[in-house]
There are 2 protein chains.
Amino acid sequence: MKPTLQAVADAVGVSRSTVSNAYSRPDQLSASLRERILDAARQLGYPGPNPTARSLRRGFVGSIGVLFTSQLSYAFTDPFAVRFLAGVGAAAERHGTSLLLVPLPPGVTDARRAVENAAVDGFCVYCVADEQWALDVIRQRGLPFVSTAPRDNAGDDERFVGIDERAAARSAAAHVAGLGHRRVALLADSVLPDAPAGPLALAGVDQVPYPTTRGRLTGFADAFAEVGVGWAELTLVNAPGNNRPAAAAAIAGLFDQPAPPTAVLAGSDVLALGVLDALAARPAHDRPIVSVTGFDDVPEAAAAGLTTVRQPAEEKGRIAAELLLDPPADAAAGHVLLPTALVVRDSTGPVPRS
Amino acid sequence: MKPTLQAVADAVGVSRSTVSNAYSRPDQLSASLRERILDAARQLGYPGPNPTARSLRRGFVGSIGVLFTSQLSYAFTDPFAVRFLAGVGAAAERHGTSLLLVPLPPGVTDARRAVENAAVDGFCVYCVADEQWALDVIRQRGLPFVSTAPRDNAGDDERFVGIDERAAARSAAAHVAGLGHRRVALLADSVLPDAPAGPLALAGVDQVPYPTTRGRLTGFADAFAEVGVGWAELTLVNAPGNNRPAAAAAIAGLFDQPAPPTAVLAGSDVLALGVLDALAARPAHDRPIVSVTGFDDVPEAAAAGLTTVRQPAEEKGRIAAELLLDPPADAAAGHVLLPTALVVRDSTGPVPRS
DNA sequence: GATCCAGTCTGAATCGATACAGAGGCTAAC
DNA sequence: GTTAGCCTCTGTATCGATTCAGACTGGATC
């Protein structure tokens, strides 16, 4: 058994408090005694105060949770998520705080349990899909958190960092509409909880339960409404699991239909890259000319010449962590909206005249 | 103040133990009482057992640490590290274990403290450079760990997952030597603790303190020794900070010297891509034809046409976590050597005549 | 009717530290 | 010669749970 702080105290012949002070408050005891204590600790093989016991007594842990409301693997698969994490990590590093990545088991009950059991001082919630339950648990625990998705029922003191999803998406769609496109497909991850991959009929964009997806789709729709193309005329395509193959598979069939879309607006770069994959997979003589836009501007987008909406990924993570780690006194400052920019590259162009 | 388990017990009129059982051992009390307790907890706003207190009493935490013996940002910047993390995450997910990413402050004393204070049940140590101190701290704490770098003084029960660095590197170098190259530069991160960027004179490869780097350089040297090119004839270049700009900067000057190298063997893909960057940055008319090899086969390598040595990144992470989470009964099985493969692409070719 | 047993629930001990009020000694100031 | 105040160090209460041996109840068994 590893020796405890008590053992060290006994060995040196001082009180437990003094040994504790030797580690945590060197100014509370003489340098010489401190040396004696640390020596004895070394001799006994005492590894320093037990972190768990310390956390219990102190009332805080020294680490923050990063919650992906999805499989944990998402965090490392999606390049945007990786950059976000990098930002969180940078801020955490400055604060000497550790990052706890909590995997969520399938099923809300178990997932709730996982969030309840996480030993952290707060959460950065990276919202993939539904997140309400997670926020509920965190609130119940009384822990601070920062969310990255717009929420309807946010409390006043609840912190947020994100972008104006709707306006950002609209800028991409306006660009495509300006190029003359009218037969357009909108490609999104998690449009509805359990919808299958492929085209999906939806009465209106307000039926989409997930705020981020809904925001972007609404922005797309906005721009086309302005040029006289209504929601019903847009083809909505669901690509569950935000990844390239899924997107490619979901969109592939579309180009063989009569009057195929001349443009695809994707809800993320990863999906957009999947569309490009699907196009590249076709023989050159049967490859339609399709404009494609993404969202995020991940590193791969530039190489692929993808027109996209840039949002600052690392910045988002960094600010999320900072809002969590030292909350602004002013509640309004806890609500950060980051700038976005349309980045036009080669993947969009005028409608081919056929 | 959030209610405690005691408060719930008082509210229902049962003992603390029973409330505890309601959460952790449902079979220890009647279903009806359990319901009453959970109801009361809900009413009181009790968020479930405090994770820290639970960990203290139970003696384990339910999370493992991932330690990058470097800045934490490394973990998200280096694509190989990201894939490794993804593997660790996948295994952790299956085990319902969380991942704690511990940032290391500069300075060994503070860094040691950080490892001492991490509330985890074990560590996956991703070795960037020097790691000995970290392993010492972990051993002192009596925690299990899995390391990814070959070590000289590994204990019998100490787990490891990695590759035969030397043989793998040798395969790349043999390929380049086979193409006829004799004037060759070796590019590596962290050759010596504080060496500046650029060419570095080193009496022998055994002077390199970091096992991974030493292993790869030794493999490179092996292959060239075989064709009669000794260590002294190879140009060793240091690129501190395993990233593209650093590599580009470190190597750039080399091509303007008399008798510049016709091949660069890099210790990682990231460095190799930096070399390609440096070459691409030169005007076309003054761009030497240089063969370049990398190491790791990160996703970007394929796109860049980089000849490299493939090692299974996610696999490495996955196995590291699995060795940690359920240790094999057989000690020998705790020592896993993964396969590597030379992947020849466009970045290597015969020596240009003239 | 005694015995056994399974199913429920309780109480005290324990996990390993930290916080805080205060005791004691010693120097400096008035 | 006090009084004040600083520097060290101690003792006790406390953080919030889990564990485990055992008490109690009621029904089945012989």
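Everything numeric in this text was worked out from a predicted model, so none of it was measured. Chain naming here is simple, since letters A, B, ... match the order of the sequence lines and numbering starts at 1 in each.
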Undergrad: Using OP1 and OP2 only, check whether a side-chain N or O of Thr18(A) sits under 4.0 Å from dT10(D).
TA: yes
Undergrad: Below the 4.0 Å mark, does dT18(D) have OP1 or OP2 next to a side-chain nitrogen or oxygen of Arg54(B)?
TA: yes
Undergrad: So Leu29(A), base contact, sugar-phosphate only, or nothing? Heavy-atom distance under 4.0 Å.
TA: sugar-phosphate
Undergrad: Tell me: CG of Asp27(A) to P of dC7(D), nearest whole Å?
TA: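 Rounding to the nearest Å, CG of Asp27(A) and P of dC7(D) are 10 Å apart.
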Undergrad: Side chains of Val146(A) and Phe123(A): does their closest heavy-atom pair fall under 4.5 Å?
TA: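 No. Closest side-chain heavy atoms not under 4.5 Å.
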Undergrad: How long is the line joining CG of Asn21(A) and C1' of dT8(D), in whole Å?
TA: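 Going from CG in Asn21(A) over to C1' in dT8(D) covers 10 Å.
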Undergrad: Could you tell me how far apart Asn50(B) (CG) and dC15(C) (C1') are, to the nearest whole angstrom?
TA: 13 Å
Undergrad: Rounded to the nearest Å, what distance is computed from the CZ atom of residue Phe60(A) to the P atom of nucleotide dG16(D)?
TA: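 Between P of dG16(D) and CZ of Phe60(A): 14 Å.
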Undergrad: One character per nucleotide, please: for nucleotides 22-27 of chain C, 5' to 3', B when the base has a protein heavy atom closer than 4.0 Å, S when only the sugar-phosphate does, - otherwise.
TA: ------
Undergrad: In terms of ring plane angle, is the pair Tyr126(B) and Phe84(B) parallel, tilted or perpendicular, where the classes change at 30° and 60°?
TA: perpendicular
Undergrad: Both Tyr23(A) and Ala31(B) contact DNA chain C. Which one's nearest nucleotide lies toward the 5' end?
TA: Ala31(B)
Undergrad: With nearest nucleotides of DNA chain C determined for Gly48(A) and Gln28(B) from heavy-atom distances, which residue corresponds to the more 5′ nucleotide?
TA: Gln28(B)
Undergrad: Return no unless some side-chain N or O of Ser24(B) is found under 4.0 Å from OP1 or OP2 of dT18(D).
TA: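 So the side-chain polar atoms of Ser24(B) do come within 4.0 Å of the phosphate oxygens OP1 or OP2 of dT18(D), strictly under.
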Undergrad: What pair of heavy atoms forms the shortest contact from Lys2(A) to Gln140(B), and how long is it?
TA: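 Looking at all heavy atoms of both residues, the closest pair is NZ-O, 2.7 Å.
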Undergrad: Distance check: side-chain N/O of Ser30(A) vs OP1/OP2 of dC9(D), anything under 4.0 Å?
TA: yes
Undergrad: Can you establish whether the number of heavy atoms outside Gln6(A) located under 6.0 Å from its atom CD is more than 12?
TA: yes
Undergrad: Do any side-chain nitrogens or oxygens of Tyr46(B) fall under 4.0 Å of OP1 or OP2 in dA17(D)?
TA: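 Tyr46(B) to dA17(D) OP1/OP2: side-chain N or O found under 4.0 Å.
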Undergrad: How about Thr52(A) and Ser55(A): do any of their side-chain heavy atoms sit closer than 4.5 Å?
TA: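 No, too far: nothing below the 4.5 Å cut-off.
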Undergrad: Using ring centroids (six-membered ring only for Trp), state whether Tyr46(A) and Tyr23(A) fall under 6.0 Å.
TA: yes
Undergrad: Any side-chain N or O of Thr4(B) less than 4.0 Å from the OP1 or OP2 oxygen of dG16(D)?
TA: no
Undergrad: Taking all non-hydrogen atoms of both residues, which atom of His95(A) and which atom of Asp326(A) are closest, and how far apart?
TA: CE1-OD2, 3.4 Å
Undergrad: Check this one for me: any side-chain N or O of Ser17(A) less than 4.0 Å away from OP1 or OP2 of dC20(C)?
TA: no
Undergrad: Which pair of heavy atoms, one from Ala91(B) and one from Arg318(B), lies closest together, and at what distance?
TA: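 Smallest interatomic distance, heavy atoms only, reads CB-O, 3.7 Å.
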Undergrad: Would you kindly give the CZ-to-C1' distance between Arg57(B) and dT14(D), to the nearest whole Å?
TA: 16 Å
Undergrad: Could you state the atom-to-atom distance from CZ of Arg58(B) to P of dC15(D) in whole Å?
TA: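 That distance rounds to 21 Å.
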Undergrad: Check this one for me: any side-chain N or O of Arg25(B) less than 4.0 Å away from OP1 or OP2 of dT19(D)?
TA: yes
Undergrad: What's the CZ-C1' distance between Arg16(A) and dA19(C), to the nearest Å?
TA: 12 Å
Undergrad: Can you tell me how far C1' of dT14(C) sits from CG of Leu56(A), to the nearest Å?
TA: 13 Å
